[in-house]
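In what follows, chains carry the letters A, B, and so on, assigned in the order in which the sequence lines appear, proteins first and then strands, with residues in each chain numbered from 1.
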There are 2 protein chains.
Amino acid sequence: MLIKQASEITGVSPDNLRYYERIGLIPEVPRNASGIRDYDDVSLSWIDFVMRFKRGGMPLESIREYVQLALQGEETKPARKAILMESKEMLLEKLAQIQESLDVIDYKLDTYDQKCGPITLEMVEEWKKQRNL
Amino acid sequence: MLIKQASEITGVSPDNLRYYERIGLIPEVPRNASGIRDYDDVSLSWIDFVMRFKRGGMPLESIREYVQLALQGEETKPARKAILMESKEMLLEKLAQIQESLDVIDYKLDTYDQKCGPITLEMVEEWKKQRNL
DNA sequence: ATAAACCCTTGAGTCGACTCCAGGTCAAGA
DNA sequence: TCTTGACCTGGAGTCGACTCAAGGGTTTAT
């Protein structure tokens, strides 16, 4: 399968697919006789795997590290497990922060008619009270 | 309160506080007679407010837009409400994506001893089955 | 056999979000 | 008074993650 089709399936631009391969974020894709990339199911599943982490907000460097370890074989399992556990922590943290942002938004939306203006001293007091400061 | 203390309270570096003010992400902070920033509760609550959005992953430009509207008064309420609702959508989307990343990680961790190696064709098949592809 | 629509690599450019620096002001203590 | 340390501005530099462009090869349809 050519890069264009792989791009349509994965939603990643051809330029980006080549870029990700260049920096080792995804393993090298098989080539045909003329050196043109020929994506197969394995290539696609790597992209799918990697993009889930990327969309979760993980830095490409961490994902790259994981992928490179995976390509090196069995003896890198402990290192990979460590990365996964670290990443999980990071994502849980992110989840909590997004939840906090959502809380602020819902608060603003709920009390929209009263509270959407510039912040005033009274609002600050109310704010503090709500957070026990 | 001097910038250093404001920095300690908010966890945002002084350089960054000045930068955020420069780009209009937070409103101008009051100054003392010699032109030195003098943070008060209102300044701090703006920073707190803005940082919640930022930590949620919202682009600074969107936050800036909201803050600038809020500074312009009552007649910008509808626009601000729209931004909040848009942001909420975006954050919910992010939440879902992070949840997906976490699912992948948990899957990998659960079946660690069997599945942590390079991706194989059998794994691709299992993968597809699990996602009904 | 020529054009159109793909593909390739390498390297440069862009953009958001910092981060640092030079050169200068100001306030408090020895 | 002089040093020390924290502050100021404006601008340049950095970094991650793209994104584009130049220059060239290949395959397919007409």
Completion exercise
Rounded to whole Å, the OH-P distance (Tyr39(B) to dC8(D)) equals 7 Å
Practice task
Could you state the atom-to-atom distance from CG of Asn32(A) to C1' of dT28(D) in whole Å?
Solution key: 15 Å
Handout entry: Under 4.0 angstrom between Tyr20(A) side-chain N/O and dC18(D) OP1 or OP2
Key = yes
Exercise for the section: Indicate, with a heavy-atom threshold strictly under 4.0 Å, whether Arg64(A) touches base, sugar-phosphate, or nothing. Expected result: nothing
Exercise for the section: May I ask you to say what Ile3(B) touches in the nucleic acid, namely base, sugar-phosphate or nothing, with a heavy-atom cut-off under 4.0 Å? Expected result: sugar-phosphate
Handout entry: Side-chain N or O of Ser34(B) closer than 4.0 Å to phosphate OP1/OP2 of dA27(C)
Key = yes
Practice task
With the side chain of Tyr19(B) defined as its heavy atoms from C-beta on, choose the nearest nucleotide among dC18(D), dA6(D), dA17(C).
Solution key: dA17(C)
Practice task
Would you classify Pro59(B) as touching base, sugar-phosphate or nothing, given that sugar-phosphate means primed atoms plus P, OP1 and OP2, and contacts are heavy atoms under 4.0 Å?
Solution key: sugar-phosphate
Handout entry: Phosphate contact (dC18(D) OP1 or OP2) by Lys54(A) side-chain N/O below 4.0 Å
Key = yes
Exercise for the section: Find the distance Asn16(B):CG to dC20(C):P and express it as a whole number of Å. Expected result: 10 Å
Exercise for the section: Using a cut-off of strictly less than 4.0 Å, decide whether Arg31(B) has a side-chain nitrogen or oxygen near OP1 or OP2 of dT9(D). Expected result: yes
Problem - Spacing of Arg22(B) atom CZ relative to dT9(D) atom P, expressed in whole Å - result: 9 Å
Practice task
Describe, in one word, how the ring planes of Phe53(A) and Tyr66(A) are oriented to each other, choosing from parallel (under 30°), tilted (30 to 60°) and perpendicular (over 60°).
Solution key: parallel
Completion exercise
Side-chain contact check for Asp15(B): nearest option of dC20(D), dC6(C), dC20(C) is dC20(C)
Fill in the blank from the handout: Separation of dC7(D) atom C1' from Ile36(B) atom CD1, nearest Å, is 4 Å
Practice task
Let me know the distance between CD of Glu61(B) and P of dC18(C), rounded to the nearest Å.
Solution key: 14 Å
Handout entry: Distance-only donor-acceptor test (3.5 Å): side chain Arg18(B), base dG10(D)
Key = no
Exercise for the section: For Arg37(A), answer base if it contacts any base atom (sugar-phosphate contacts may also be present), sugar-phosphate if it contacts only those atoms, and nothing otherwise; contact means non-hydrogen atoms under 4.0 Å. Expected result: sugar-phosphate
Handout entry: Salt-bridge present (Asp106(A), Lys88(B); N to O < 4.0 Å)
Key = yes
Handout entry: Results of side-chain hydrogen bond (donor to acceptor under 3.5 Å, both in side chains) for Glu93(B) - residues two or more places apart only
Key = Gln97(B)
Exercise for the section: Grab the CD1-C1' distance between Ile23(A) and dG16(D) for me, whole Å please. Expected result: 9 Å
Practice task
Determine yes or no for a side-chain-to-main-chain donor-acceptor pair under 3.5 angstrom, with Glu21(A) supplying the side chain and Pro27(A) the backbone.
Solution key: no
Practice task
Measure the distance from CG on Leu2(B) to P on dA28(C) and round it to the nearest whole Å.
Solution key: 10 Å
Exercise for the section: Decide, yes or no, whether a salt bridge links Glu61(B) with Arg64(B) under the criterion of side-chain N to carboxylate O below 4.0 Å. Expected result: yes
